[in-house]
Amino acid sequence: MTITELPVIAAVDGSSHSREALDWAAHEAARRGLPLVIVHARTPNRRTGQETQRREAEELLTQSVRRVSEIVPDLHPSTLAPLDFPSAALASLSRDASLVVVGSRGLGGFRSLMLGSNSLATASMAQCPVVVIHSGPSVEDEGEAAEAFPDIVAGVAADESSEAVLEFAFATTASRPGARLRIVHGWTMFSSMLSGGPVFDRDAAAGAAERTLAELTAGWREKYPQVEVVREPVGGSAARTLVTASATAALTVIGRRKGGESLGLGLSPVAQTTLTHALGPVALVPC
């Protein structure tokens with residue numbers, strides 16, 4: 001199986017958030033021409049026998065396959081029910097996946113939390129991009145949703161870590177006819193100073209940020225000439241801009257630096273804030 005054939009993985013646990021994740025993953029797999037694998041992790045539990053867990057997992061996965069057949073009839077998903085903790089199972093499976101899709105919270109989450117521990121752990125440890133589905137634009141009618149929320153939003157830094165984010169964002173936008181790619185780059189006078197740019201002239205720093213963004217995207221615009229691109233250098237909080245943009249975006253794409261996963265250090269403050277407070281689907285791309 002080549003990298004272009006690696007499956008989209010949808011994690012399900014019976015919660016409403018995981019059903020939304022399943023719907024999103026099914027549409028995305030069909031859009032990209034990729035297989036779909038539906039995964040339900042059977043968490044080790046002394047109180048519940050393995051046979052009971054296996055039967056419950058089979059019922060849930062059968063219901064999930066039926067749901068996919070109703071919304072994307074041409075897609076024929078496979079299923080897995082590993083005996084493992086959800087984040088560990090998904091992190092392992094992500095080594096041979098194009099994309100992992102999870103709900104923002106599962107059945108075990110506290111209602112007061114905006115992001116569940118399994119979703120956060122998976123997003124922090126996976127070896128492929130992870131999409132976390134927050135309740136936002138409805139995906140019941142994919143055509144209407146695509147027209148109402150056409151933008152893909154990507155948050156980038158002024159360094160090599162942006163390459164993976166831009167690659168994923170351009171490819172995703174290209175797979176959605178009529179979609180527009182908004183590329184957000186946050187800058188401050190302090191970041192301008194650190195990068196060797198203007199220190200006291202705010203207008204000059206803004207101009208430098210615009211040029212940096214143009215340089216970052218130049219090669220990708222040549223590779224994807226069909227994608228309409230809007231560059232948005234933002235003076236101030238990039239996280240605030242990304243959270244606001246996520247409310248009307250089909251997907252918000254941000255990076256997660258590789259390394260430090262075992263210590264929980266994979267998410268930058270911008271990524272953590274955006275993932276936690278987003279109002280729509282968010283993709284975290286290892287970079």
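- Judged by distance alone, with hydrogens and angles left aside, the side-chain atoms of E56 form no donor-acceptor pair with the main-chain N or O of R54 at under 3.5 Å.
- Using a 4.5 Å heavy-atom threshold, the side chains of V243 and T241 count as separate.
- Looking only at atom types and distance, the side chain of T172 has a donor-acceptor partner in the side chain of R32 under 3.5 Å away.
- Listed for the S18 side chain is no donor-acceptor partner under 3.5 Å among the backbone atoms of V12.
- Legend: residues meeting side-chain hydrogen bond (donor to acceptor under 3.5 Å, both in side chains) with S92, ordered by chain and number and at least two apart, are R95.
- Sparse packing is recorded around CZ of R240, with 12 or fewer heavy atoms of other residues, nucleotides or ligands lying under 6.0 Å away.
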Distance-only criterion, 3.5 Å: show the donor-acceptor pairs between side-chain atoms of residues 216-223 and protein atoms not counting sequence neighbours.
residue	atom	partner	partner atom	Å
T217	OG1	L213	O	3.0
T217	OG1	A214	O	3.3
W220	NE1	E163	OE1	3.4

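- Residues L93 and V100 have side chains not in contact (no heavy-atom distance under 4.5 Å, counting atoms from C-beta outward).
- Closest approach of L75 to A26, counting heavy atoms only: CD2-O, 3.5 Å.
- A salt bridge between R31 and E28 is present, with a side-chain N of the basic residue lying under 4.0 Å from a carboxylate O of the acidic one.
- Just one of V153, L242, V253 meets the side chain to side chain contact (heavy atoms under 4.5 Å, CB included) condition when paired with T274; it is L242.
- A heavy-atom distance below 4.5 Å is not found between the side chains of Y224 and T173.
- Scanning for salt bridge (Lys or Arg N to Asp or Glu O under 4.0 Å) contacts around R19 gives an empty result, with sequence neighbours left out.
- Within the 4.5 Å cutoff, side-chain heavy atoms of S104 are placed close to those of V132.
- The existence of a salt bridge linking R67 and D23 is confirmed by a sub-4.0 Å separation between a basic side-chain nitrogen and an acidic carboxylate oxygen.
- A donor-acceptor pair is defined here as one N or O able to donate and one able to accept, closer than 3.5 Å; no such pair exists between the side chain of S94 and the backbone of A97.
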